[in-house]
Amino acid sequence: MTNHPGAGSLAAGSPATGSPRSRFPEELTGLDGELLTSERIPRWAAEDFGHTVHAPPLAVLSPRSVRDVREVVAAAARRGIPVAARGGGHSVHGQAQAPGGIVIDMTPLGRVVRMSDTEVTVEGGALWRDVVAATLPHGRTPPVLTDYLGTSVGGTLSVGGIGGMSHRHGVQTDCVLSLDVVTGAGEEVRCSPDRNRDLFDAVRAGLSQCALVVRATLRLERAPAQVRRYVLPYDGLAEYLADQHRLAHEGRFGYLEGQPTPQPDGTWHHLMEAVAHQPCDRAAWPPDDRDLLGDLAFRRGAEEIEELDYADFLDRMAPGEALLRETGEWFHPHPWLNLFVPGAAAHSVVSTTLAGLTRHELGNSGLVLLYPVPTARIRTPLLRLPDDDTMYLFALLRTAPGDDPAARDAMTAANREIYDRARAAGAVAYPVNTLRMSPEDWRAHFGPVWDRLARARRRYDPAGVLTPGQGLAY
C-alpha cells in the first residue's frame, strides 16, 4: 500500500508537534456535528475503493449541517490545511483523501430535499440509489445514471458522471440545473447557468478543486415502468464498433453499453448491452425484436433477452456487490483505468490493449467496458473529450489479489503505459483512475481550459486547500 505523494510533509503538524495545526481541531467549537481526531478517526478515512493509496488525515468531520462544512473549510483555509469531501468512497487512487488534513464525510448530508415533476434537489452526500428511490415512486428519474448507484451525487458531479444513457443525454453534469457549494474560502454560494456561471462551470467535472457540492438540483424526466434488455454477442471488434456507432447516433435504444469478454483461447468476444425503454403510451410494448435487432451484425441464436422493472435494471449491480463483499473481493485493490478514445482510433487502441491483457491481468472480478457517446451530447466545459464526433468509454476495471502488492503495482504501472499509448492516438483520461498524473500531465489534459480552471481555483480556493488527492498543481 503506497502513501499519497506529499503525505509526509502534510502530516508534519501532527498532535505530537504542538504546532498550530495540531491545535486546530480544539479551536473549532459549536459545530452541529463531530470532528473526530486521534484514535477516533475511522480507518476508512485513509482508504478508498481502490486500496492503492493509504493517507491518514488529521481529523474527520461528520457534519450535521452545511454550516459545519463552511466552518471547517474556512478554518482550514486560514491555516493552509488540506480538505477533501468523501461521499460513497468509490474513488480509486486517493482522490477523496486528505493526508494530514481534514476528510469531510458527506454521507450525513444525504437528504432528498424536495422534488417536482421536472426537478429534484438533493444534498451532495446523497447516493444515487437514494435519489432514484425517492423519484421512481413518482414516475420520474434523472436522465443519466452511472452503472453503480452507490456513488454520491457530489462525487460523480465532480468528474462528470457517464453511463449507458449518455449517448442520448450527455453526462450527469449536463443535467444539473443549479448547485449549492462551499468554496475553498468557506463561503456558501449558489451557482447555475444564470448565476455565478464561472463557478458553475468550474465545479462541474472540476475535480473539487474550487468548491465542494453540498446541494444539487437535477433535471428529471419520465421514468419507464419496464425495460427490455438485449445482450448481443459479437465475434469481431469491427462489427461491434460499427453497430455501436450507428446505434449511438440513431438513439434507437434508451441505454447502450457493452463489454469485451476474454475467451479461454486468449481471444476476445464482445457483448453489446442495449436496452429499450417502455414508451409513455405503452401501446407499442413489448417492442418488436425484429425491428430493433434485424439489421445488426451480432451472432444469431446466442442473444439474451429479458424484461425487467426499471428499478431493478438500475440497481442491477446490487447482487454482484453483495457477493463481492461476501467473498472479500470488494475490499481488494482496484487499479482502474478509464479512457475516452476517439472513434477513429477505437479499433486500434482497443485491439492493441486487449491483445496484451490476459484474464489473470484483469483479475477474478475485473471487467472491461466499451461503449460510444456522440461528443456533441456533452456540454460540460471542463470534461475533456477527444477530437471526434464519437468517443468510446474504454474502461479497464481490474481487481488485484488482496495479498499481492506486486500484482497491484504492476497493474498500476500498466495503466500508465496504456494511457500514454492511447493519448498518442488522441484519447483523453476520464479522471477516475489509478494513474499517477504529474502537474504537466494535468496541464496537457485540460489543454485550452487549463487557464479557466486555474483562474477559478485562485478565486474560489485562494489558499489551495481543496482536494489535494487529485494531484493538480497551479
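- The two residues Gly160 and Val171 come nearest to each other via the heavy atoms O-CB, 3.6 Å.
- A donor-acceptor contact closer than 3.5 angstrom links the side chains of Trp128 and Thr156.
- Side chains of Thr52 and His93: a donor on one and an acceptor on the other come within 3.5 Å.
- By the 4.0 Å N-to-carboxylate-O rule, Arg316 lies close enough to Asp147 to be salt-bridged with it.
- Checked by atom type and distance alone, the side chain of Asp404 pairs as donor or acceptor with a backbone atom of Ala407 at under 3.5 Å.
- With ring centers used as reference points, Tyr234 lies 6.0 Å or more from His270.
- Between His277 and Tyr310, the gap from one ring centroid to the other is short of 6.0 Å.
- Partner of Val73 under the side chain to side chain contact (heavy atoms under 4.5 Å, CB included) criterion, chosen from Val83, Ile102, Leu61, Ile81: Val83.
- Of the possible polar contacts, one joining the Glu123 side chain to the Arg111 backbone as a donor-acceptor pair under 3.5 Å is found.
- For Arg204 (side chain) and Thr173 (main-chain N/O), a donor-acceptor pair under 3.5 Å exists by modelled atom type.
- No donor-acceptor distance shorter than 3.5 angstrom exists from the side chain of Asp388 to the backbone of Met391, with no hydrogens or angles considered.
- Defined by atom type and a distance below 3.5 Å, a donor-acceptor pair is present between the side-chain atoms of Arg398 and Asn415.
- Across all non-hydrogen atoms, the minimal contact from Gln209 to Leu472 is OE1-CB, 3.7 Å.
- Across all their heavy atoms, Ala98 and Val103 have their closest contact at N-CG2, 3.8 Å.
- Side-chain contact check for Glu329 and Ser365: at least one donor-acceptor pair (N or O, by modelled atom type) lies under 3.5 Å.
- No donor-acceptor contact under 3.5 angstrom links the side chains of His334 and Thr434, judged on distance only.
- Salt-bridge check for Arg40 with Glu34: passed, with a basic side-chain N closer than 4.0 Å to an acidic carboxylate O.
- Aromatic ring centroids of Tyr240 and Phe298 lie 6.0 Å or more apart.
- Using a 4.0 Å cut-off between charged side-chain N and carboxylate O, Arg377 and Asp174 make no salt bridge.
- Checking each of Leu292, Leu296, Val275 against Tyr230 for a side chain to side chain contact (heavy atoms under 4.5 Å, CB included) leaves exactly one that passes, namely Leu292.
- The closest donor-acceptor contact from the side chain of Thr146 to the backbone of Gly161 lies at 3.5 Å or more, if one exists at all.
- Between the side chains of His245 and Thr390, at least one donor N or O lies within less than 3.5 Å of an accepting N or O.
- In summary, Asp105 and Arg86 do not engage in a salt bridge, as defined by a charged side-chain N under 4.0 Å from a carboxylate O.
- Between Tyr474 and Trp450, the ring centre distance stays below 6.0 Å.
- The aromatic ring centres of His90 and Trp336 sit less than 6.0 Å apart.
- Ion pair Arg423/Asp441 flagged as a salt bridge, since at least one NZ, NE, NH1 or NH2 atom sits closer than 4.0 Å to an Asp/Glu carboxylate oxygen.
- A salt bridge links Glu321 to Arg325: one of the charged nitrogens lies within less than 4.0 Å of a carboxylate oxygen.
- Under 3.5 Å, the side chains of Glu257 and Tyr255 contain a donor-acceptor pair of N or O atoms.
- Ring geometry for Trp442 against His445 counts as perpendicular: the plane angle is over 60°, on a 0 to 90° scale with 30° as the lower cut.
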